Number of protein chains: 2
Amino acid sequence: MMELTRKGEYAIRGIVHLAQLQPGKVALISEIAEAVDVPQTFLAKILQSFAKIGIVKSFRGAGGGFMLGRPAARITLREVVEAVEGPILPNRCLLGAGTCERDGTCGVHPVWRQVQQRVVEVLDGVTIEDLAARDKP
Amino acid sequence: MMELTRKGEYAIRGIVHLAQLQPGKVALISEIAEAVDVPQTFLAKILQSFAKIGIVKSFRGAGGGFMLGRPAARITLREVVEAVEGPILPNRCLLGAGTCERDGTCGVHPVWRQVQQRVVEVLDGVTIEDLAARDKP
DNA sequence: CACCTAAAGGACCATATTTGTCTTATTTAT
DNA sequence: ATAAATAAGACAAATATGGTCCTTTAGGTG
Ligand code: SF4
Ligand code: SF4
């Protein structure tokens with residue numbers, strides 16, 4: 001239960017790799033994909049979606065590639081995960097009142113809320129910088 | 001991300017309903033399914049899987065049905081969820097060393113371990129009795 | 001015993017999601 | 001111009017989800 005998909009796993013690997021390069025360096029998707037062992041076209045989509053929300057920057061054409069959109073210390077693991085997997089949502093009913101007609105009296109509802117909070121807490125507390133530093137050889 | 005499936009949601013509703021009946025009472029699947037608003041045959045499969053691991057008891061034939069296999073106070077939400085959704089596992093690599101060849105140096109790995117622990121902690125801390133009591137009218 | 005009741009088991013199926021690939025634009029540097 | 005890259009979008013195989021339906025087995029009852 002609660003498994004991260006490949007997409008999520010790949011997304012993290014990709015952005016952590018970017019954070020391990022010298023700041024300002026632009027990396028080719030082909031290089032990144034090989035380094036983190038992810039199918040190139042798949043990773044391309046992921047990084048493109050990151051570009052849309054600004055956590056990476058992309059440059060087209062000759063000399064192009066990808067780099068971080070802001071300092072790794074200001075990108076949280078939560079942002080990365082939610083960007084590709086959607087919000088942390090242990091149960092649909094957390095979306096808003098009325099999603100489940102039982103939510104008024106339901107005793108389970110608050111438990112999911114708590115699970116959500118705990119997970120968010122952990123993921124918010126980890127930055128890509130932390131990860132990049134920790135898993136260097 | 002991390003969404004409970006219908007099966008998980010239904011499983012909880014079903015067993016909480018059982019816990020709300022008078023102890024010892026045997027309930028028909030048809031009654032339970034209607035009460036908790038779940039397709040009957042689907043719920044039947046779920047309760048059958050519960051019967052296999054002992055958290056509910058089932059009786060066949062005339063006068064048969066389902067009841068809890070042990071006091072609601074000794075059935076945790078975690079057991080119920082894991083019974084139908086599998087272990088709480090935010091990432092495959094938590095299964096064991098060697099699942100991912102990067103797990104030795106990987107800095108992300110421990111984060112997932114922590115997420116797992118937090119979630120397990122919450123779900124272990126809630127019993128079906130708690131839920132049954134809380135969501136009574 | 002015969003018969004009814006109810007769960008158990010298994011085959012099946014429709015739909016959605018995951019995990020990609022491939023092709024065709026665009027953009028940019030030289 | 002041309003070559004180098006990403007962007008966008010269509011497509012598709014594999015898997016997971018969310019069920020249904022039918023037959024079998026077990027247990028009561030007269
Ligand atoms: S029954 Fe409770 S836990 Fe389940 S979806 Fe509704 S509000 Fe949420
Ligand atoms: S790279 Fe790290 S987090 Fe990802 S699967 Fe491997 S060990 Fe786990």
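Within every chain, numbering begins at 1; the chains are lettered A, B, ... in the order of the sequence lines, protein sequences first and strands thereafter. Values in this document were obtained by computation on a predicted structure and should not be read as measured data.
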Please assess A:Leu123 against B:Val111 for the test side-chain contact (heavy atoms from CB on, under 4.5 Å), listing each intermediate value before the final yes or no. CA-CA 8 Å; A:Leu123 299 185; B:Val111 177; 4.1 Å; yes
Less than 4.5 Å apart, any side-chain heavy atom of [X] and any of [Y]?
X: A:Val81; Y: A:Thr76; value: no
X: A:Val119; Y: B:Arg118; value: no
X: A:Glu31; Y: A:Val36; value: no

Which residues, if any, of residues 29-51 of chain B bring a heavy atom under 4.0 Å of DNA chain C? B:Ile29, B:Lys45, B:Gln48
Of B:Lys52 and A:Gly8, the one whose nearest nucleotide on DNA chain C sits closer to the 5' end is B:Lys52
Side chain [X], main chain [Y], donor-acceptor under 3.5 Å:
X: A:Gln116; Y: A:Ile88; value: yes
X: B:Arg78; Y: B:Asp124; value: no
X: B:Gln20; Y: B:Ala133; value: no
X: B:Glu129; Y: B:Ala19; value: no

Distance check needed: D:dT17 P versus B:Glu9 CD, whole Å only. 15 Å
Can you check whether B:Tyr10 has a side-chain N or O nearer than 4.0 Å to OP1 or OP2 of D:dG18? no
What residues from residues 78-92 of chain B pass a heavy-atom cutoff of under 4.0 Å to DNA chain D? none
Residues forming a salt bridge (Lys or Arg N to Asp or Glu O under 4.0 Å) with B:Glu34, sequence neighbours excluded: none
Its 5'-most and 3'-most nucleotides having an atom under 4.0 Å from a non-hydrogen atom of chain A, DNA chain C is contacted over C:dT19 to C:dA29
Counting primed atoms, P, OP1 and OP2 as sugar-phosphate and everything else as base, the B/S/- map of nucleotides 24-30 of chain D against protein heavy atoms under 4.0 Å is -BBBS--
Derivation of the side-chain contact (heavy atoms from CB on, under 4.5 Å) call for B:Gln40 and B:Ile29: CA-CA 7 Å; B:Gln40 180 175 329; B:Ile29 184 67; 3.8 Å; yes
List, one per line, each side-chain donor-acceptor pair under 3.5 Å for residues 50-71 of chain B, sequence neighbours excluded.
{"unit_1": "B:Arg70", "atom_1": "NH1", "unit_2": "B:Arg74", "atom_2": "O", "d": "2.5"}
{"unit_1": "B:Arg70", "atom_1": "NH1", "unit_2": "B:Glu79", "atom_2": "OE1", "d": "3.2"}
{"unit_1": "B:Arg70", "atom_1": "NH1", "unit_2": "B:Glu79", "atom_2": "OE2", "d": "3.4"}
{"unit_1": "B:Arg70", "atom_1": "NH2", "unit_2": "B:Glu79", "atom_2": "OE2", "d": "2.9"}

Between B:Glu9 and A:Asn91, a side-chain donor and acceptor under 3.5 Å: yes
Could you please spell out the steps behind the side-chain contact (heavy atoms from CB on, under 4.5 Å) verdict for B:Arg102 and B:His109? CA-CA 9 Å; B:Arg102 302 168 156 256; B:His109 191 89; over 6 Å; no
